[in-house]
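Naming convention: chains lettered A, B, ... in sequence-line order (proteins, then strands); numbering from 1 in each chain. Only a predicted model underlies this, so the values are computations on that prediction, with no experimental measurement involved.
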Amino acid sequence: MMTREEMWFGLCSCQGIYRTDIERILKTVEDISNLYGKNKNRFLSELAEGSKRTNGQSVISHEQAEELRKRTGIDEIRRLMELNEKRGIRFLSRETPDYPKRLLILKDAPYGIYVKGAVPSEKPTCGMVGARACSAYGRSMSEKFAAVLARGNVQIISGMALGIDAICSRSALSAGGKTFVVLGGGVDVIYPKENTDLYYEILMKGGGILSEYPPGTPSLAWQFPHRNRLIAALSDLLLVMEARKQSGTLSTVGYALDMGKDVYALPGRVTDPLSESCNLLIREGAGMLTTPEEVLSLLTGNQNGKAAEDQREQQVQKTGGSDPEIDKLYEALDWDAKSLEEIAQKAQIKAERAAFLITFFVLEGLAKEVSPGYYVKT
Amino acid sequence: MFCRVFCADILGIEARRICVEADVSGGLPGFYMVGLPSSEVKEAKERVLRAISNTGIDLPPRKITINLSPANLRKSGSGFDLPIALAILGAMGILNPAHLRDTMILGELSLDGKINPVRGVLPVAFLAKEEGLKELIVPEQNLKEGAVVPGIGVYGAKDLKNLLQRIADPQKDYVKSADLDHVLTEEKDAYPVDFGEVKGQEVAKRATMVAVAGFHHLLYVGPPGSGKSMMAQRIPTIQNPLTLEECMELSRIYSVAGLLGEGPLMTHRPFRAPHHTITSAALAGGYLIPRPGEISLAHKGVLFLDEAAEFKQETLETLRTPLETKQMVITRSSVQTVFPADFMLVMAMNPCKCGYYPDRNLCCCTEADVRRYFGKIKGPILDRIDVCIGTKKVDIKDLKSDGRPMTSEEMRRQIILAQKKQQERFSGVGILFNSQMGPKEIKQYCQLDREAEALLDKAYQTYNMTARGYNKTLKVARTIADLSGMEKIQKEHIMEALTYRNAFVERL
Ligand SMILES: [Zn+2]
């Protein structure tokens with residue numbers, strides 16, 4: 001006898017049968033068990049040919065019906081399930097207890113998802129998304145926010161894209177936290193390749209890789225907006241770190257707003273194209289990100305984030321001792337990448353002094369070199 | 001009848017004496033050349049015979065044999081035309097061989113008897129002096145070059161006809177050689193550019209000064225219009241002046257390359273900036289007859305590779321050995337030719353493909369794109385770079401600023417003092433500059449106090465540095481200490497050296 005879990009698995013693993021197709025199929029057959037029962041063949045031909053139940057319309061094509069017939073065979077299902085088990089891939093249907101409850105908020109929640117590693121727990125989650133080609137400012141802010149949130153036991157949800165996505169996940173991991181990513185292809189298809197190390201690190205550190213597409217599905221462009229709705233659904237709160245005008249990030253924002261979730265954006269200068277969407281979101285009513293501690297207390301009700309803010313100041317003073325030039329140089333540093341020349345000019349410090357003072361800050365972790373000779377505050 | 005004259009051919013930057021012997025005898029008329037002539041030399045036959053005939057001399061139909069000795073050396077170059085012609089005329093009795101007994105002859109002939117300039121006159125002039133010869137006949141255009149060597153009379157020949165008259169005339173009007181002691185002092189301060197013209201780049205200028213002071217190879221990274229080539233071009237203006245010995249060696253290279261031009265000597269440190277489309281052969285030296293490449297033309301000066309990431313991998317690879325050995329060895333049919341190539345390597349590159357990273361208003365490259373771009377220059381070459389500095393785009397504010405930019409003269413003064421310290425330190429060690437220190441010298445001359453050592457250890461861990469990076473930092477710190485006139489390397493010197501460390505290479 002087949003379990004309902006196996007039935008869902010068979011239905012969801014069909015190539016070329018997407019969520020909307022499944023929705024129509026289920027409307028016709030009423031319950032998934034009918035696809036596997038003694039009336040299987042009658043239902044299959046009804047789906048392909050049309051019947052009274054379908055108002056004479058065919059629900060799926062003949063090819064799809066054939067695929068469905070193949071995949072709903074018990075041997076095929078057990079073979080695929082075994083294969084997935086070997087690869088450490090789990091399948092969770094809506095009826096599985098582990099299925100992330102947060103996804104059920106979606107009107108079009110996936111009938112099943114594939115998971116490598118864990119799924120987010122009941123603890124607070126925070127989505128962090130943004131541009132692939134981000135600025136040094138976006139990078140350092142993302143690192144800072146993700147680290148503070150992760151240390152506060154917030155699970156970071158993202159898409160593992162280059163730039164902001166990956167930076168947030170990496171930062172959460174190095175802060176000792178957990179991060180979960182939703183992919184636009186199968187969970188075993190590492191995309192983009194540049195983040196292969198991140199992919200494995202997420203798994204090693206107790207996070208998870210999620211996808212609604214069967215293993216082996218390539219990452220295709222049209223799948224990413226659908227993927228974004230899952231990121232939005234899994235996130236209790238969504239932070240937009242940097243986004244250009246008409247950025248793909250905005251689709252995630254749209255989903256989150258549709259679900260009634262709070263969206264916060266990191267403000268930037270009005271002249272920076274990478275902050276354009278963020279600033280517009282804020283004008284349209286999104287929350288304005290100021291400190292990670294504030295976000296943390298929003299998510300956890302935790303109030304003791306404040307102390308960390310002054311810590312930096314103290315560290316600068318400790319490092320610099322009594323040298324007034326140290327203070328001036330630190331003031332000249334910015335969240336935006338600046339050349340050492342500009343920093344020295346702004347601080348009115350001689351080049352050869354600036355050339356060694358900057359190393360102070362880098363070694364103390366108060367500044368970072370983002371490109372040769374270009375520095376940002378951390 | 002028989003006649004022997006002297007000429008020379010060039011191997012690398014050295015000249016070798018060659019005897020040209022002509023024998024004219026009865027028998028079937030013909031022209032035979034023996035003694036391993038290259039095809040280039042064999043062609044002399046036609047030029048020589050036509051030139052003699054067009055000068056108005058009728059050669060009787062005889063058997064002419066030319067022997068080039070020593071026989072075991074392969075001779076190449078077109079400078080043999082004139083000595084062969086004179087040897088034939090001597091053997092025919094048209095000129096008196098006794099007049100050419102102490103003479104070195106060099107020149108290429110046109111069909112009409114004109115004498116064309118040749119390469120490598122300077123080393124030949126030195127050879128003539130060493131061989132104890134009294135006279136040197138060179139093409140008129142090479143006269144200045146030949147007249148550099150003291151103690152030998154030089155005649156610049158315009159065409160065969162005039163030359164023959166001159167040889168017959170006992171009244172000799174040889175040019176006296178130049179006064180070598182003054183040639184360098186006269187030419188001083190003749191650079192048309194100055195670092196004072198580079199504004200708003202004081203940090204990069206400081207790094208440049210450190211690099212030049214310790215002969216460290218240098219990399220500029222910055223967006224277009226950030227003065228990278230402008231600064232590189234001015235590096236010779238802050239290097240210490242050439243010594244007479246260096247000047248002679250460098251001039252020999254330029255003489256062999258046929259690039260000596262009007263001035264008889266190279267009195268300035270060269271600046272060579274080959275385009276990134278250059279071939280390996282043109283960069284390192286080569287061709288059928290070994291000629292100095294750009295790296296040798298940059299000897300004792302600067303080899304500047306702009307857009308370094310655009311150079312072909314194999315082209316950059318050819319720099320590896322010369323950077324190590326300071327010379328280029330070219331092997332052609334089992335003959336080795338050596339060209340000196342002791343240059344300061346200065347490279348410049350953009351921070352990314354579009355050139356504007358990390359300015360996100362202009363650059364859309366992803367971090368992976370940026371890493372890939374840096375990866376184009378491979379480790380072995382980047383390992384040689386001790387000093388790396390980012391340059392910023394110069395804006396109008398910098399140009400208008402009333403801050404006084406550092407001039408070449410100020411920079412050079414400090415550099416010369418720092419180099420004096422190095423020469424004192426390394427006298428007897430066999431090196432000249434801090435950059436040339438090996439592990440043994442580093443251990444001996446780069447001792448740190450407790451504070452400085454703790455700092456470097458911290459950096460070693462924080463930056464995840466390599467052992468090579470650690471040593472580089474010490475060498476650069478040594479130079480910075482020398483610039484500030486200190487015996488011991490201080491904490492500040494280590495910190496400044498760390499600023500110039502090529503973080504982005506080590507990360508790869
Ligand atoms: Zn770019």
*asked:* With a 4.5 Å cut-off on side-chain heavy atoms, are B:K392 and A:Q345 touching?
replied: yes
_Enclosure of A:Q348 CD (heavy-atom neighbours >12, cutoff 6.0 Å)_ = no
*Among B:G200, B:P351, B:C388, B:A459, which residue forms the greatest number of heavy-atom pairs with chain A at distances under 4.5 Å?*
B:G200
*Contact part of B:R206 toward chain A, heavy-atom cut-off under 4.5 Å: side chain, backbone, both or neither?*
side chain
*Measure B:C352 against the heavy atoms of chain A and call it side chain, backbone, both or neither at under 4.5 Å.*
neither
_Using a 6.0 Å cut-off, check whether atom OH of A:Y191 has over 12 heavy atoms from anything other than its own residue._
no
*Should we say atom NZ of B:K420 is surrounded by more than 12 heavy atoms from elsewhere, each under 6.0 Å from it?*
no
*asked:* I want to check something: taking the side chain as every heavy atom from C-beta on, are B:L498 and A:F356 in contact at a cut-off of under 4.5 Å?
replied: no
_How about CD on B:E451, more than 12 heavy atoms from neighbouring residues, nucleotides or ligands closer than 6.0 Å, or not?_
no
_Could you check whether any side-chain heavy atom of A:Y374 comes within less than 4.5 Å of a side-chain heavy atom of B:D359, counting everything from C-beta outward?_
no
*Heavy-atom distance under 4.5 Å to chain A: side chain of B:Y500, backbone, both or neither?*
side chain
*Of the options A:L340, A:I358, A:I343, which is the one that meets B:V203 in a side-chain contact (heavy atoms from CB on, under 4.5 Å)?*
A:L340
*Salt bridge flag under 4.0 Å for residues A:E342 and B:K393*: no
_Please report the interatomic distance CG(B:L455) to CZ(A:F360), rounded to the nearest 0.5 Å._
8.0 Å
*A:S371 versus B:Y356: any side-chain heavy-atom pair under 4.5 Å?*
no
*Nearest non-hydrogen partners of B:Y357 and A:V370, listed with the distance*: CE2-O, 3.6 Å
*Could you tell me the separation between the OG atom of A:S275 and the CZ atom of B:R360, rounded to the nearest 0.5 Å?*
12.0 Å
*Check whether more than 12 heavy atoms from other residues, nucleotides or ligands sit under 6.0 Å from atom NZ of B:K353, and answer yes or no.*
no
*Measure B:A204 against the heavy atoms of chain A and call it side chain, backbone, both or neither at under 4.5 Å.*
backbone
*asked:* If we ignore hydrogens and angles and just use 3.5 Å, is the side chain of B:T462 paired with the main-chain N or O of A:L363 as donor and acceptor?
replied: no
*Heavy-atom pair with the smallest gap, counting every atom of B:C364 and A:R244*: SG-NH2, 3.5 Å
*Where does B:T391 contact chain A at under 4.5 Å (heavy atoms): side chain, backbone, both or neither?*
backbone
_Selection from A:R132, A:E194, A:E352 maximising heavy-atom pairs under 4.5 Å formed with chain B_ = A:E352
*Looking only at non-hydrogen atoms, find the nearest pair between B:N361 and A:T271 and report the distance.*
OD1-O, 3.9 Å
*Is there a side-chain contact between A:E369 and B:R501, using heavy atoms and a 4.5 Å cut-off?*
yes
*Is the shortest heavy-atom distance from the side chain of B:K458 to the side chain of A:E364 under 4.5 Å?*
yes
